[in-house]
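In what follows, a single structure is set out as structure tokens and then discussed.
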Amino acid sequence: MTRYITKRAAGALLLTASLASAACGSNDDGAAVRDLTETSAASGAGASAAGGSSAGGSAASGSGLSTEGVTGTGGDNPLVAEAVNQYTAWVQTQIAQIPIEAKVFTDAVRAGDVDAAKAAYAPSRQSWERIEPIAGLIEQIDVAVDARVDDFASETDPTWTGWHKLEWLVFDQEKLDADASKLADQLDADLAKLVAGAPALSIPPVLVARGSAELIEEVANGKITGEEDRYSGTDLWDFAANLEGSKQAFDYLKPALSEVDAELATTVTDQFNELETELGAYRDGSGWKPYSTLTDADRKVMSGQLAALSESLATIPGVLGLS
Amino acid sequence: MSVSRRRFLGGGAASAVTAVGVTSLTAGCTDESNAASAGPQYVPFDGPHQTGVTTRAPASGLLASFDVIVDDRDALVEALQELSVEARRIMTGQPYDERGVEYPPLYTGTLGNPPTPHDISVIIGFGASLFDDRFGLSESKPVELIEMPFLANDRLDPARSHGDIVIEISGDSDDAVLFTLRQLMRATRRSMALKWMLSGFNRRSDPKPGQADTRNLMGFKDGTANLDGSQPNIAERYVWVQPDDGEPAWAVGGSYMAVRVIRMLVEFWDRAPLVEQEAIFGRERTSGAPLGLGKETDDPDYASDADGARIPLNSHIRLANPRTVDFDSLLLRRGFSYSRGFDDAGQLDQGLAFVSFQRRLQSFLDVTARLKGEPLEEYVVPEGGGFFFVPPGSVSETDWVGSSLFA
């Protein structure tokens, strides 16, 4: 599940949305409000009034992606604008894939076929993991479909839903009953909401860069540690998809970046390449080896590579003047 | 540089070393001690030796050991250069560049810009593993440098021992030390991965010659007989590798560093009778005086106590330093106490991060061999640490620590 930049990004969107249309209702939580204050202060959007008025609200509205009124600097650079268009289109194709991939998994769950569900679990998450930070712009969706048990009191907490709850049932409990079917239905329904909100999706330029960086933070904080898919051990699938999604966003920004800072563009390209090479050792057919096969030495090296890449990606908004 | 350097060196006037026959220690110390207590200072970075070694034991200390995770020599050199640039900046208070607000700042902000003075020093050391076949350094290994074996009653945890590069950060406060750690790591993420880390403290009173300025967590004064590294003649004799020591030329001016993470079984210790505690150390707990004598600064006078009736022959201070004419294995200690919460049994996990610097590693091994089997062992367990070699200093603003190894 997405944690860091997503909340901040979501806050920025929610702020502008609530300023533009009060009808949007209360769809922020305390954390989003805090983060939105920072973000908005930086972009001069006048956060204090909005932050103050909505502080303490925690109800989730489940409304769609609302990006009305969103502005971002940097869009006047034609190369950046082009990157945003390309990335937005690519995100749309990924979002369209998500429910299709997921349904292979949820169908197996509903059929009570544990083996088929096990086989379909990791592939069902690939498109989601490629665009996770963007999909996470609707925080309710991210929590509903991708929360880990750590956010709940226990595995049996009925409010815990989504992929990882099913992962626990499939890989740990190996028990697929009516409750599991209901969870599968719920996952399909939540992902349908994501698809429904997709046409309205408008991604500010800075979120292309931040989204790219966020995916690498995701890998560094969750996947490389084996926390994300602890029951299935399929973390390297998510790792690869995160990396792919991050690289895609970067590739779209690269022409703009090369114009301003060719050295950084080359450095980041090299850093992606060395990470792909390192991870490549864990290829297994069309998928990836279990997390348990990752050696300590390789984990350490990849952690270093991820950290170095993160440091580089963090400077891109500054270099391109995106805020 | 000369003023601040004299001040920071003066701060180390913490101990008398009677066995060395240094009698001039008290001369001129008072003013410098006062200067040192005037407040936190910048510490020079460049010099013939790494300057942190001979500063006072840290009020706040942190040891961080790293694995080098790149496999080519150039990348290692680059990481070492980055370490020196960053350490120099923080130790001497050079400003960071300010970038636009769209960028992450180049510094964490804890100490402002430029970083304010906090007695920060950074000591960089190399483990034996750095001299394996990865970087073509095997021919250059300091002759005595080995991976620390199990010594005395050790229970070394591999996850808390050894490492390719060790960094000891010292400062006047935890946040200043952590600032330094984060800045150093930020500059070297691609090349160095944390292996283990330990932080701790010394609560210091104003030091006076011949008196320890800190107590360890067993409640006893620690460092009464420590070397005074701020005295150049002492440092040259006991701390810095000399040209005729048979070491590689690049290592001259460096020092061997022994790190021992010594867990103290404090609950057990607190149940030991005072008479036993004092016999184990050989000193009175309150005054720090050698048993049967009046003052901490008193010589234990083993000559008048040949059979150990007053100070047991197997007491810690008598084993560690018998003060005989031919005993010359003296160490410069600048460790710190640590607390790591509690263990599975609910016992406090506390102890001493023993850190010593010496011209010859054999001096440390000699002392450890003498201490093997001492009664204190019942109350302590060495659990980690390692042996390292601290290369000579960066000699100028354009130099970096470790350059002589790659010259």
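Just so it is clear: chains get the letters A, B, ... in the order the sequence lines come, proteins before strands, and each one is counted from 1.
- Of all the listed residues (A/A308, A/A297, A/G304), the one sharing the greatest number of non-hydrogen pairs under 4.5 Å with chain B is A/G304.
- A distance-only check finds a donor-acceptor pair linking the side chain of B/Y103 to the backbone of A/V319 [under 3.5 Å].
- Within 6.0 Å of CZ in B/R182 there are 12 or fewer heavy atoms belonging to other residues, nucleotides or ligands.
- Counting only heavy atoms from C-beta outward, the side chains of B/R99 and A/T315 approach each other to under 4.5 Å.
- Taking each heavy atom of B/I69 and A/V301 in turn, the nearest pair found is O-CG2, 3.8 Å.
- The two residues A/A314 and B/P104 make their nearest non-hydrogen contact at O-CD, 3.1 Å.
- Interface remark: A/Q305 contributes backbone and side-chain atoms alike to the contact with chain B (heavy atom separation under 4.5 Å).
- A distance of 11.5 Å separates OG of A/S310 from CZ of B/R186, quoted to the nearest 0.5 Å.
- Between the NZ atom in A/K300 and the CG atom in B/L194 there is a gap of 8.0 Å [rounded to 0.5 Å].
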Working note: B/R189 + A/L306, criterion side chain to side chain contact (heavy atoms under 4.5 Å, CB included); need CA distance, chi angles, decisive distance, verdict. CA-CA 9 Å; B/R189 283 194 208 295; A/L306 288 164; over 6 Å; no
